[in-house]
Amino acid sequence: MNLKVDIGNLELPNPVLTASGTFGYGIEFSDFVDLNALGGFVVKGTTAAPREGNPYPRMAETPLGMLNAVGLQNKGVDYFIAHIVPQIERKRRKEAEPFTRLIVNVSGSQVEEYVEVARKLADCKEVDAIEVNISCPNVKQGGMAFGTDPRMAASVVEAVRKAFPRCMIVKLSPNVTDIAAMAVAVEEAGADSVSLINTLLGMAIDVEKQKPVLSTVTGGLSGPCVKPVALRMVWQVARLVKIPVIGVGGICTAGDALEFIMAGASAVEVGSANFTDPSVTQKIVAGIEAYCNRKGITDIRELRGIIA
Amino acid sequence: MGNQKQITDFTVQRNIGLGGDFVQLHLHSDCELPAIFPGQFVQVHVPSSIHGWLRIPISIHDADPASGQLKLLVQKVGKGSEYLASRREGEKVNLVLPLGKGFFIPEIDLKKEVLETHRAPYRALLVGGGCGLAPLYYLASKLKEKGFPFDILVGARNKERLVLANELAQLGPTGICTEDGSVGIKGLVTEHPLWKGVDYTHVYTCGPTPMMRAVAAKAHEMKAVCEVSLENTMACGLGACLCCVTASAEGHHLCVCTEGPVFKADTLGW
């Protein structure tokens with residue numbers, strides 16, 4: 001049976017990826033998951049300079065979900081390439097194609113910053129693809145602002161396109177009126193793929209303290225509670241664009257992943273579910289395989305977009 | 001035994017009410033357990049519900065990896081901890097463990113530099129209150145096993161809220177402070193006479209933040225190395241999501257679940 005899928009010119013061994021910010025650099029999960037069993041993993045948002053992120057508290061648990069306001073804390077692209085990539089490479093087996101893919105989420109406050117990160121990652125051959133994050137709700141400048149205006153989104157994507165010659169995925173924000181219009185704009189600007197959705201903007205209040213739970217007042221909602229919204233958006237986008245769509249949002253089981261594939265996704269990213277079960281990604285791969293066997297499906301691509 | 005983390009099902013062997021909101025859970029696993037150090041914690045699976053679906057972090061109260069035994073002290077403070085505290089004999093609990101960095105213990109080479117920078121003979125004071133006493137119990141039992149000298153100080157608001165004092169007294173000399181004087185010395189843990197006359201080289205504290213801050217200041221005065229154990233809200237427990245950070249003395253963000261939860265007090269920005 002074939003689980004291999006293509007994202008642009010990048011072949012994945014299977015359609016299961018991890019969502020940026022929920023899987024660290026992969027190595028944090030290597031006691032629980034054989035990273036080589038995954039289609040790939042998207043490592044956390046990387047910026048040109050180190051970022052401290054937002055003050056604590058950065059997290060609030062919500063019904064079947066959570067809000068976060070981490071704010072892209074990371075040590076910067078130079079540190080990532082020099083110190084993290086070698087650790088990741090010790091965990092990856094690359095003897096047989098296609099092997100598990102290393103995808104780096106690229107973030108910034110200005111177009112130039114995205115370009116700088118992308119250019120440096122282009123020179124780091126271990127990085128198979130980038131995911132351009134124009135949808136982070138937790139940074140004051142840039143981030144989601146790029147992802148809510150089709151012209152601004154296109155300008156970032158065009159600039160990064162020139163700096164990064166390999167597979168470029170663009171991660172879309174759900175905090176827009178028409179996500180399909182955003183997808184079309186970044187497709188025309190040269191994206192190889194779109195991933196959606198990033199977190200939904202939300203907030204929580206501590207009624208005893210009469211204060212917001214998060215230091216930033218608002219944050220990004222993720223978890224099983226967002227899945228129906230994400231699924232609807234993937235379905236809308238997949239009908240309109242020709243490039244592969246990666247479904248993200250509340251995926252906890254193989255069944256959830258299959259829903260996204262049937263709605264038109266070529267691959268999926270598993271996010272917050274990694275927190276409740278650090279081994280969940282590998283279970284989802286096995287579950288998809290078991291489903292295909294049970295249904296007599298010989299190629300996962302047969303299921304893609306069967307819900308018209 | 002390696003330091004590998006694992007996801008393991010445990011069976012509840014005993015559920016002992018310790019009065020107030022506190023329950024002591026005795027757990028057993030047939031799986032081989034890795035080395036577990038005092039100050040480390042577990043992430044407990046709770047069934048997803050409208051109240052939550054993330055795991056809850058609980059510090060390790062006692063452990064004997066060779067026989068698969070683990071104890072947790074649970075204070076009922078929310079739906080997750082209420083669920084855990086209500087697990088009965090024979091029921092299963094799923095844990096991710098062992099997580100985080102623990103307390104410095106001489107000869108357990110976790111934080112070598114602490115001892116090397118300190119020339120006086122090791123003598124420890126363990127100060128805690130409420131749930132904070134859980135990891136200190138495991139620490140005390142390890143110090144006793146290795147023959148290192150230590151004293152214990154237990155603080156509580158009143159007699160009704162005092163927990164683990166008798167159990168700790170079996171491990172070493174234990175002083176008690178209550179705010180209303182209903183048992184032990186009346187006053188705060190920093191006012192106990194134990195502080196006078198003994199030169200502690202190491203002070204370990206776990207409990208409410210104001211108490212830990214006061215203990216750290218007192219330890220600083222006597223030039224003792226002070227370690228504090230934090231309990232920030234966290235999601236992954238693995239250093240991946242960076243939700244649980246605390247500010248360092250230099251203003252950087254430290255990840256509590258992997259760089260802690262035990263920190264040297266003077267490295268923190270509090």
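Since the structure is predicted, the reported quantities are computational estimates derived from the model, not experimental observations. We name chains A, B, ... by the order of the sequence lines, and we start the count at 1 in each one.
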What part of [X] lies closer than 4.5 angstrom to a heavy atom of chain A: side chain, backbone, both or neither?
X: B:V96; result: side chain
X: B:N94; result: neither
X: B:T246; result: neither
X: B:Q6; result: backbone

Quick check: does any side chain N or O of [X] sit under 3.5 Å from a backbone N or O of [Y], one acting as donor and the other as acceptor?
X: B:S81; Y: B:K79; value: no
X: A:Y114; Y: A:N133; value: yes
X: B:T205; Y: B:V127; value: yes
X: A:S135; Y: A:K171; value: yes
X: A:D128; Y: A:R101; value: no
X: A:Y79; Y: A:N74; value: no

For chain B, which candidate among A:Q73, A:M59, A:E52 shows the most heavy-atom pairs at distances under 4.5 Å? A:E52
Selection from A:C225, A:A60, A:G223, A:P63 maximising heavy-atom pairs under 4.5 Å formed with chain B: A:P63
Against B:T11, only a single residue in B:R87, B:H26, B:E89, B:K92 fulfils side-chain hydrogen bond (donor to acceptor under 3.5 Å, both in side chains); can you say which? B:K92
Given that the side chain runs from C-beta out, which part of [X] has a heavy atom under 4.5 Å from chain B: side chain, backbone, both or neither?
X: A:F32; answer: side chain
X: A:S30; answer: neither
X: A:F29; answer: side chain

Go through it in stages, so that I can follow the logic: the residues are B:Y138 and B:F103, the test is ring-ring contact (aromatic ring centres under 6.0 Å, His included), and I'd like the CA-CA distance, side-chain angles, deciding distance and then a yes or no. CA-CA 10 Å; B:Y138 188 35; B:F103 294 106; 9.9 Å; no
Highest number of heavy-atom pairs under 4.5 Å with chain A: which of B:I50, B:T258, B:L242, B:V46? B:L242
Most contacts with chain A, counted as non-hydrogen pairs under 4.5 angstrom, among B:C243, B:C244, B:C236: B:C243
